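Note that the structure is a prediction, hence the values are computed from the model and not measured. Residue numbers start from 1 in every chain, and the chains themselves are labelled A, B, ... in the order their sequence lines are given, proteins ahead of strands.
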Protein chains: 2
Amino acid sequence: MVAYQGGDGWAALGDPTRRAIVACLAERPRAVGELAADLPVSRPAVSQALKLLKEAGLVAERAAGTRRIYRLNPAAVAALRDQLDAFWNRALSHYADVVEQPEEKS
Amino acid sequence: MVAYQGGDGWAALGDPTRRAIVACLAERPRAVGELAADLPVSRPAVSQALKLLKEAGLVAERAAGTRRIYRLNPAAVAALRDQLDAFWNRALSHYADVVEQPEEKS
DNA sequence: ATGCACCGTAAGAGTATGCTTACGGTGCCC
DNA sequence: GGGCACCGTAAGCATACTCTTACGGTGCAT
């Protein structure tokens, strides 16, 4: 059950515009034009950003007439969060040694 | 106590090479040459990647002779994780409506 | 049926990014 | 002191990325 392949979630979040979109969508599902109105970029730019986000599995779309309502996919966000959590846990075990002995031998 | 400003943690993780470095450092602190040996890029490339990661606060360096030991900064990772968690929580409240009705009306 | 509103895609340009090679500085060992 | 190993930085290049403008398709309301 991979479910989010095809695009890179991390790369998707690397762009400030896409991150802003994710932030907007986290608060409330929105249409493309609505997102563009709140962002400093054109509507097509938002469309392209949403395409990448959708390929990364971070957002899902829902048709409503001619409008396309995009919403955040919590599962994908959770997957990324878990990866970060794994890094965090692994690093902590080694970090413990460091705090114990900031002065390294020889 | 912000402590991690100056660079963008998300942008830093957007690059596959830097993400690989983070993954290596999560398992164990390493020197530059050691990282380069396990990566498909040159040593200077690793140096540049580490510079960005350091500016983003994701890694910390420790001098050991002529060697520079880099280690992951768990606090920075946790900060990013918390941001993702915030998105996750906000999205969940709206997602609840959707899971109740996977079949959209009309 | 006609007009309108909304959206995705194509093409293009300008910018930004990441890698490699070459160089200089620093600390350790013999 | 001489040599060596390790690392950061500079310059340059090739690539990838993101944005904008222009266009075509679709669904709704009148």
Considering only side-chain heavy atoms of A/L52, which listed nucleotide, D/dT21, D/dT18, D/dA10, is closest? D/dT18
Sub-4.5 Å side-chain heavy-atom contact between A/L58 and A/L52: no
Do A/L39 and A/V59 belong together in a cluster built from hydrophobic side chains that touch within less than 4.5 Å? yes
What does the inter-axis angle of the helix from C/dA1-D/dT30 to C/dC30-D/dG1 come out as, five pairs per end, nearest 10 degrees? 30°
Can you tell me the distance, in whole Å, between the CG atom of B/D15 and the P atom of C/dA16? 17 Å
Pick the closest DNA chain D nucleotide for A/G65 and for A/A49 by heavy atoms, then say which residue is nearer the 5' end. A/A49
Taking NZ, NE, NH1 and NH2 as the nitrogens, is one of them in B/D85 or B/R90 under 4.0 Å from a carboxylate oxygen of the other? no
Do B/Y70 and B/R62 have side-chain heavy atoms sitting under 4.5 Å apart? no
For A/F87 against B/A23, the heavy-atom pair lying closest together: CE2-CA, 3.8 Å
Got a sec? Which of residues 17-24 of chain B come in under 4.0 Å of DNA chain D, heavy atoms? none
Side chains of A/T17 and A/V41, heavy atoms from C-beta outward: is any pair under 4.5 Å? yes
Measure NZ/B/K51 against P/D/dG8 and give the value in whole Å, please. 10 Å
With rounding to the nearest 0.5 angstrom, report the CZ to NZ distance, A/R18 to A/K51. 12.5 Å
Euclidean distance, atom NZ of residue A/K54 to atom P of C/dT9 [Å, nearest integer]: 7 Å
B/R81 bridged to A/D82 by N-O distance under 4.0 Å: no
Keeping the roles fixed (side chain from A/N73, backbone from A/A60), state whether a donor-acceptor pair exists under 3.5 Å. no
In whole angstrom, give the distance that lies between atom CG of A/L13 and atom P of D/dT18. 12 Å
Would you kindly give the CG-to-P distance between A/L50 and C/dT9, to the nearest whole Å? 11 Å
Closest approach of A/L84 and B/V77, non-hydrogen atoms and distance? O-CG1, 3.3 Å
For each nucleotide in nucleotides 2-7 of chain D, reading 5' to 3', give B when a protein heavy atom comes within less than 4.0 Å of its base, S when such contact involves only the sugar-phosphate, and - otherwise. ----SS
Please confirm whether the backbone N or O of B/L25 pairs with a side-chain atom of B/R30, one donor and one acceptor, at under 3.5 Å? no
Take the protein atom CD of A/E55 and the nucleotide atom P of D/dT18, then report the distance between them rounded to whole Å. 12 Å
Side-chain donor/acceptor contact of B/Q48 with base of C/dT20 under 3.5 Å: yes
